[in-house]
Structures are given as C-alpha cells and as structure tokens.
K.L.:
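This is the structure, below, for whatever I ask next.
If you're wondering where the values come from, they're calculated on a predicted model, not measured in any experiment. In each ligand, atom 1 is the first atom listed, and ligand 1 is the first ligand listed.
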Amino acid sequence: MTMAPQQSKIDELIRRLDEAVMVADDAGRCRNVKKVLTDIVGSGGSFVPESFMRTATGHYARRLLHRDPAGRYTVLVMVWDRGQGTPLHDHAGTSFSALGGDPELDLVEFRQETVVHAGVGEAGALIPPFEYHILENAGDEPAVTIHVYGEEMKHCHVFEATEGSSYRRHYRELTYTE
Ligand SMILES: [Fe+2]
C-alpha cells in the first residue's frame with residue numbers, strides 16, 4: 001500500500017525531529033529543529049492537512065499536529081488571519097525580565113530587542129531569557145506557521161499594558177482550537 005504524500009512528509013518531519021531533539025544543549029537543539037523545519041517546508045508541496053489550515057474568528061488558530069510519545073516536544077500549526085496576532089507573552093520559562101522587576105510580583109518594563117519579518121519558509125528560535133515576544137500576521141493574506149516546543153506548553157503569561165510604560169502579568173491557559 002502506498003502512503004499519501006502528505007502523510008509521508010509528516011512522518012519524515014517527525015522522524016527528523018526525533019533525531020534533532022537528541023542533542024543535549026538548547027542552542028544545538030534549536031539549530032537542529034530550525035534546519036528540519038526549513039528543509040521540510042522548503043522541499044515543496046503542502047503537507048499540513050486541510051483541517052489544520054482553517055482560520056478562526058476573533059483569534060489565531062492553534063492546533064496540535066504531533067505530541068512526541070516520549071514527551072520531549074510538541075508540533076503545533078497556527079493559522080493567522082489578516083491582522084491576527086498574540087499579545088506580548090512569555091513561554092512560562094523564566095522569572096525575570098531584562099529590565100528589572102520580578103514579573104511574578106511587580107509591574108515590569110520592556111525594551112524592544114529585535115523585530116523579525118519572517119518570509120515564507122523561514123524559521124526562527126526563542127531561548128530564554130529573551131523570550132518575551134509578540135507574533136502577528138503582517139501580511140494581507142492568512143498565514144500558517146509551524147511551532148516546535150520543548151515538552152507541551154499548556155500555559156503562558158500575557159502582559160497587559162498599564163498606564164505609563166509598564167506591563168502587568170496575567171496567567172493564561174493555552175488550549176487547542178477545534
Ligand atoms: Fe510564543
């Protein structure tokens with residue numbers, strides 16, 4: 001029996017990610033994962049199932065494509081309609097901001113470090129402590145992104161702007177879109 005090309009590409013993605021995450025250090029793992037993503041996406045053809053590509057109303061869509069049975073990583077597909085994005089948020093991995101103040105207790109301030117305009121087929125990585133970020137669709141068409149997380153991210157913190165230049169931290173549970 002022959003497998004659908006879509007499924008064989010997903011199988012290849014998973015097989016290569018299984019290898020990529022075996023490296024012990026964060027930077028090396030991120031490098032490996034980025035290479036896998038750019039290789040697979042760059043090899044052409046759409047392999048993300050249609051059901052994962054639908055936009056959601058009012059917020060970006062977030063769907064689980066694969067959960068590593070050993071719990072080492074998850075692969076998510078996100079769909080961003082025109083104008084959709086995230087609030088400023090963390091990945092619940094660190095406690096301190098670069099500009100002082102403990103986000104668990106205080107209002108915190110941020111300094112913008114970098115702005116990356118990612119094109120089709122490009123990949124980036126995020127390693128604490130510079131983990132506070134906003135993602136948004138800057139284009140006129142819906143966009144699809146693939147995310148690989150260490151383990152499974154079930155919550156994060158979002159930062160709400162207050163008076164002045166400070167932000168207040170809120171706990172946010174993360175769920176998957178139908
Ligand atoms: Fe994020």
K.L.:
Under 2.8 Å from the Fe ion (ligand 1), can any N, O or S atom of His147 be found?
P.N.:
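Not a single backbone or side-chain N, O or S atom of His147 is under 2.8 Å from the Fe ion (ligand 1).
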
K.L.:
Which of these, Thr55, Thr145, Asn137, Thr86, sits in a side-chain hydrogen bond (donor to acceptor under 3.5 Å, both in side chains) with Trp80?
P.N.:
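Only one option passes, and that is Thr145.
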
K.L.:
Would you call the rings of His157 and His155 parallel, tilted or perpendicular if under 30° counts as parallel and over 60° as perpendicular?
P.N.:
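Judged by the thresholds at 30° and 60°, the geometry between His157 and His155 is perpendicular.
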
K.L.:
Taking Val79 as the starting point, is it possible to reach Ile40 by hopping between hydrophobic residues whose side chains are less than 4.5 Å apart?
P.N.:
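Yes; tracing contacts between hydrophobic side chains, which count when under 4.5 Å, links both residues.
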
K.L.:
Is a salt bridge present between Arg111 and Glu113, judged by a nitrogen-to-oxygen distance below 4.0 Å?
P.N.:
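Salt bridge: yes.
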
K.L.:
Do any of the N, O or S atoms of Cys156 sit under 2.8 Å from the Fe ion (ligand 1)?
P.N.:
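So Cys156 does not bind the Fe ion (ligand 1) by this criterion.
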
K.L.:
Which atom name would you report as the N, O or S atom of His133 nearest the Fe ion (ligand 1)?
P.N.:
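Among the N, O or S atoms of His133, the one closest to the Fe ion (ligand 1) is NE2.
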
